[in-house]
Number of protein chains: 2
Amino acid sequence: MTLEKLGNLDKERKDAIINAALMEFATKGYDEASTIIIAKNAGISKGLMFHYVNSKKDLFLYLYDYSLEIILDDFWGSINMNEKDMLVRCRQIAFIKMELLHKHPQLFDFFQAAIYTDSQEVKIELDKKGKDIRGNSFHKLFENIDETKFKDNIDIQKAKDLIIWSLNGIADMLQQKVKGLTWEEINYDQLIAECDSYFEILRKSYYKEGGIENECDFSK
Amino acid sequence: MTLEKLGNLDKERKDAIINAALMEFATKGYDEASTIIIAKNAGISKGLMFHYVNSKKDLFLYLYDYSLEIILDDFWGSINMNEKDMLVRCRQIAFIKMELLHKHPQLFDFFQAAIYTDSQEVKIELDKKGKDIRGNSFHKLFENIDETKFKDNIDIQKAKDLIIWSLNGIADMLQQKVKGLTWEEINYDQLIAECDSYFEILRKSYYKEGGIENECDFSK
DNA sequence: TCATTCATTTACCATTTTGGTCAATAGTCT
DNA sequence: AGACTATTGACCAAAATGGTAAATGAATGA
């Protein structure tokens, strides 16, 4: 979804509209979101806003693509896919996710609202896009992993699953601890330490013993 | 939240109202749900429905308590808390959850809608109740666990966390596989086998070696 | 048969809110 | 001044909402 008129705007106004819309949709959901409030918070009249965006629906879908692009670009720009150690990559993912959450809190809030919206008007098209992402991006995350590090007596694919699920848990925990805090209030070192202690256990659990210290580099 | 008038009704009509309301709220969310549709699907007029339930809000909160009670009773009635083996208990939880999902699909759908509703009208009271449950019930789930089975060189609490997160993943996987299928279409044995292969890995990963066969009883 | 009481319906309401439009205005450049 | 664009805000038709209360129907009892 592209909005020509909005795209050719000075950055300031464009951002004002986008931010106002993100916030409104994030807090109220699609149906309850009011176009007049968006316009007001963007500092323009409703009439002008509808001059830039053809309809509420288009604006919403535009925001979805826009947010997704920013987040995904940021994500794939941050992650080092040369790292073949599954656990180190997981560690990266956990922290990148946390950082993204802090860098773009509105975007994440918007996404949560977008995903759980019931509105028939946008749900179908949202589902379509969602499927693509989960299909495309997710399994890319764990491609090219060095499987020789895993213990021999376990099913490696299933072990990977378990690690991914554990990663989800760790990331959620991080997210909860960080929620609402400012960047300065966070004790980053402590967070890293706690996080690493979990990965340490995962390593002991799923990797072969020996050759640990030198092979597995936990530095970022 | 109790609704006197509704409680003193013949079961048939009461159920009709409850089911109609559950479905409507589940599919549309609180705000979008229409009282007239609920009444119609329950086979009565709107006027009569408002004679039984004072307001839309009361009906919604009543359903929340009602659903929760049914599910929790069923859950705690099914689980064997004498089982001290963490992994066996997890296995129980996974399957009970799956069974509950099949027994009361409407209730789960309703809950999902209820939890993710944005409506200011009910959100506050919902949050209140939600906190109680997570605080009370959840940590009860993993009380009284035999910790001697865990490996000595790892932090047991963290290992428990990792197992719980893995359980979440396993349960979600089960849920997805079972979604939409009828009870007969499900290859239960295969599901159990797959599930157990994950728990097998978890056992190898987090428990001490030896004494496995006889100590860990995977029969239900 | 009539009256009373209950269950139920139906017509109605007051209000709110919505996304979207368009004629009028203000501002800017030549 | 005149031409052109950017911007406003009053206005709309329509829907749909939760809730009410008078009217109707059914059942009971004398």
Side-chain angles (χ1 to χ4, degrees), chain A residues 1 3-18 20-25 27-64 113 117-123 125, chain B residues 1 3-18 20-25 27-64 113 117-123 125:
Chain A
M1 175 61 56
L3 294 176
E4 209 178 337
K5 299 242 185 64
L6 187 63
N8 299 340
L9 229 48
D10 24 328
K11 193 175 179 309
E12 201 173 347
R13 173 158 289 180
K14 183 182 165 187
D15 285 350
I17 295 176
I18 287 179
L22 279 175
M23 208 210 295
E24 180 68 5
F25 282 128
T27 53
K28 308 254 194 83
Y30 178 78
D31 284 307
E32 305 266 316
S34 159
T35 52
I36 178 82
I37 292 185
I38 294 176
K40 197 166 285 177
N41 285 345
I44 57 173
S45 68
K46 193 168 70 161
L48 186 52
M49 208 192 70
F50 273 100
H51 174 67
Y52 296 137
V53 308
N54 339 25
S55 73
K56 186 185 183 182
K57 183 178 171 184
D58 282 357
L59 173 59
F60 185 84
L61 294 174
Y62 171 82
L63 285 180
Y64 188 87
T117 189
D118 308 309
S119 170
Q120 299 298 342
E121 242 185 305
V122 290
K123 200 173 187 178
E125 284 158 90
Chain B
M1 175 60 55
L3 294 175
E4 210 178 335
K5 298 244 184 63
L6 187 64
N8 300 339
L9 231 49
D10 23 330
K11 192 173 179 310
E12 201 172 347
R13 173 159 290 179
K14 183 182 165 188
D15 285 350
I17 295 176
I18 287 178
L22 279 176
M23 207 210 294
E24 180 69 4
F25 282 128
T27 52
K28 308 253 195 83
Y30 178 78
D31 284 307
E32 306 266 318
S34 159
T35 52
I36 178 85
I37 292 184
I38 293 176
K40 198 165 285 179
N41 285 344
I44 57 174
S45 68
K46 192 170 68 161
L48 186 53
M49 207 193 70
F50 273 99
H51 174 67
Y52 296 138
V53 309
N54 337 29
S55 72
K56 187 185 183 183
K57 183 178 171 185
D58 282 358
L59 173 59
F60 185 83
L61 294 175
Y62 171 82
L63 285 179
Y64 188 88
T117 189
D118 309 308
S119 170
Q120 300 298 340
E121 241 185 306
V122 290
K123 200 173 187 179
E125 284 159 90

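So that the names make sense, note that chain A is the first sequence line, chain B the second, and so on, each numbered from 1.
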Salt-bridge contact B/Lys56-B/Glu121 (side-chain N to carboxylate O under 4.0 Å): no
Nearest-Å distance for atom pair CD/P, residues A/Glu32 and C/dT16: 16 Å
Identify each atom pair where a protein N or O and an N or O of nucleotides 20-26 of chain C are less than 3.5 Å apart, giving names and distance.
unit_1: C/dG20; atom_1: OP2; unit_2: A/Lys56; atom_2: N; d: 3.0
unit_1: C/dG20; atom_1: N7; unit_2: A/Lys46; atom_2: NZ; d: 3.0
unit_1: C/dG20; atom_1: O6; unit_2: A/Lys46; atom_2: NZ; d: 2.5

Atom-to-atom span, CZ of A/Phe60 to P of C/dT18 - whole angstrom: 16 Å
Euclidean distance, atom OH of residue A/Tyr52 to atom C1' of C/dG19 [Å, nearest integer]: 19 Å
NZ/B/Lys28: more than 12 non-hydrogen atoms of other groups inside 6.0 Å: yes
Shortest non-hydrogen separation from B/Ala20 to B/Ala42 and the atoms involved: CB-N, 3.8 Å
Distance, nearest 0.5 Å, that separates CG of A/Asp58 from CG of A/Leu63: 11.0 Å
Earlier contact from the 5' end, DNA chain C, for B/Ser45 and A/Ala33: B/Ser45
Aromatic plane relationship, B/Tyr30 with B/Phe25 - under 30° parallel, 30 to 60° tilted, over 60° perpendicular: parallel
Chain A footprint on DNA chain D, 5' to 3' - any atom under 4.0 Å from a heavy atom: D/dT7 to D/dG9
Side chain proximity check, A/Asp31 to B/Asp31, heavy atoms < 4.5 angstrom: no
Side-chain heavy-atom pair A/Ile38, A/Leu59 within 4.5 angstrom cut-off: yes
Pairs satisfying ring-ring contact (aromatic ring centres under 6.0 Å, His included), at least one member in residues 31-52 of chain B, at least two apart: none
